[in-house]
Amino acid sequence: MGTAGSIRNVKDIISSQGGEKMIVLSAMSGVTNDLVESIKLWKEGNREELGQKLKEIRQKHIAVIEELFPDKLYRTATTDRFGSLFVQLENCFLGEYSKKREAEIVTFGETFLTFIFSGFMEAEGIQNTLLNSKDFMVVDNLENPDTKIIQKLLKEILAKEKQSEIYIAQGFVCVDHSGINTLKRGGSDYTATIIAAAIEAREVQIWTDIDGFHNNDPRYVEGTSAISHLTFEEAAELAYFGAKILHPQTVSPVKEKGIPIYLKNTFTPNAVGTKISSEVQSTGLKAISAKDGITAIRIKSNRMLMAHGFLKKIFEVFDKHETAIDMITTSEIAISLTIDDTTKLEEIREELDQYGEITVDRDHSIICVVGEGLINDKNAFRIFELLNAIQVRMISYGGSNNNISLLVDTSTKVETLRLLNNKLFREQPITA
Ligand code: ASP
Ligand code: MG
């Protein structure tokens, strides 16, 4: 939500649906980025610009409050209480920079917006209860949160608060053994599915400003269309491989419990959007997405590849440096694999040296083609016609039935996406 208008819009969407619901809000558009910038200025000791930035953040919220609360009494009360919340943010910058404070600071956007939104709903006569996510979002393992703990804490809180049908909570923030933390950028989607799993919700709706998942990246390819249904696996592959619309981990908490996710557009609330569930409604090719910033590493060894235990040793190097591998291909004398986190690349490279000759290629993109049972699709082979036109560094086929991935130089990504779009969605498909 970026404006008073969109906040009103969200209020209408919520009040048009009956039943008990938990509303998870992210920060106002741009505010988390502003907070990240203010931390940078704080680190640099640039007090003057930091003061300016904080003023800007404050003003953004005040402007929205002024538009949302025409009634003077409500407006003044909200502005005053917002003022005290804002002082809490300012106080975070008082001492020296610390990592702990950083996490706390970036979560303020959610604190502010949920406070304003809850007050606005109240002023519009819609009863609601504002919760503090820090009281229950205990997440020690980011990849695999223990929703049982959250369930227990939430149950206790809701038992005390049981007067309204609408609960409002902050996305993005969590607490772990070290205190306040975050679920990483874009994490509010993930907050929603974690809570949904904890309370065993009937469904999750994720409202953004796009019409759900598209069959190709609308930033680079013309004439893409929204996909009305995806399985959890398809959505996970697409989210992980670049489609910016969902936080990559979003589907995992609800997948086990079979709770469907609906991706909806706040500007076209009646459009169907994308449903993500365990049902397989159609098989075959469904979508294409790309993930940038991929580094390929080749280990070439005449002696060792065929020896048993070789791959284990290679993987142990990556494991030791906590670096996840995305794609793998092997040949008789070499193995190629890709990573996206290069923070430990130098250490990894040094250790791999003992196993063979190492080549590192940066600036690559994984192009991921997704669909249940894709590799049995009669048209899937057309993906390989691309090899005529584009130099492909790696291909992964058969790892699962639902995915074919290609690694290309990022400079050819857009061309690859367009070519695939023409081959797979535009040209006459083979039906017999
Ligand atoms: N406000 C956070 C961010 O900008 C979380 C989210 O938007 O989902 O990353
Ligand atoms: Mg988001």
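Counting starts at 1 for both ligands and their atoms, following the listed order.
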Ligand 1-proximal atoms of His247, by part, heavy-atom distance under 4.0 Å:
neither

Could you see which bit of Ser26 sits under 4.0 Å from ligand 1, with heavy atoms only: side chain, backbone, both or neither?
side chain

Mind checking whether Gly109 has a heavy atom under 4.0 Å from ligand 1?
no

Check for me whether Lys184 has a heavy atom closer than 4.0 Å to any atom of ligand 1.
no

Does the N or O separation between Asp189 and ligand 1 drop below 3.5 Å for any pair?
no

So, is Gly186 polar-close to ligand 1, with some N/O to N/O distance under 3.5 Å?
yes

Would you name the heavy atoms of Leu113 and Met28 that are closest together and state the gap between them?
CD2-N, 3.8 Å

Stepwise, does the side chain to side chain donor-acceptor pair (under 3.5 Å) test hold for Ser336 with Arg393?
CA-CA 9 Å; Ser336 273; Arg393 169 77 168 75; 3.2 Å; yes

Below 30° counts as parallel, above 60° as perpendicular, anything between as tilted: where do the rings of Phe82 and Phe115 land?
parallel

For Arg185, atoms of ligand 1 separated by under 4.0 Å from a heavy atom:
3 (C), 4 (O), 9 (O)

Going by the atom numbers of ligand 1, which of them fall below 4.0 Å from some non-hydrogen atom of Thr32?
1 (N), 2 (C), 3 (C), 4 (O)

Which of Phe117, Phe86, Phe112 passes ring-ring contact (aromatic ring centres under 6.0 Å, His included) with His61? It is Phe112

Only heavy atoms count here, so choose which of Gln170, Met28, Glu110 is nearest to atom 1 (N) of ligand 1.
Glu110

So, Glu161 versus Thr129: side-chain donor-acceptor pair below 3.5 Å or not?
no

Does the side chain of Ser118 come under 3.5 Å of the side chain of Asn128 through a donor N or O and an acceptor N or O?
yes

Counting only heavy atoms not in Arg202, do more than 12 sit closer than 6.0 Å to its CZ atom?
no

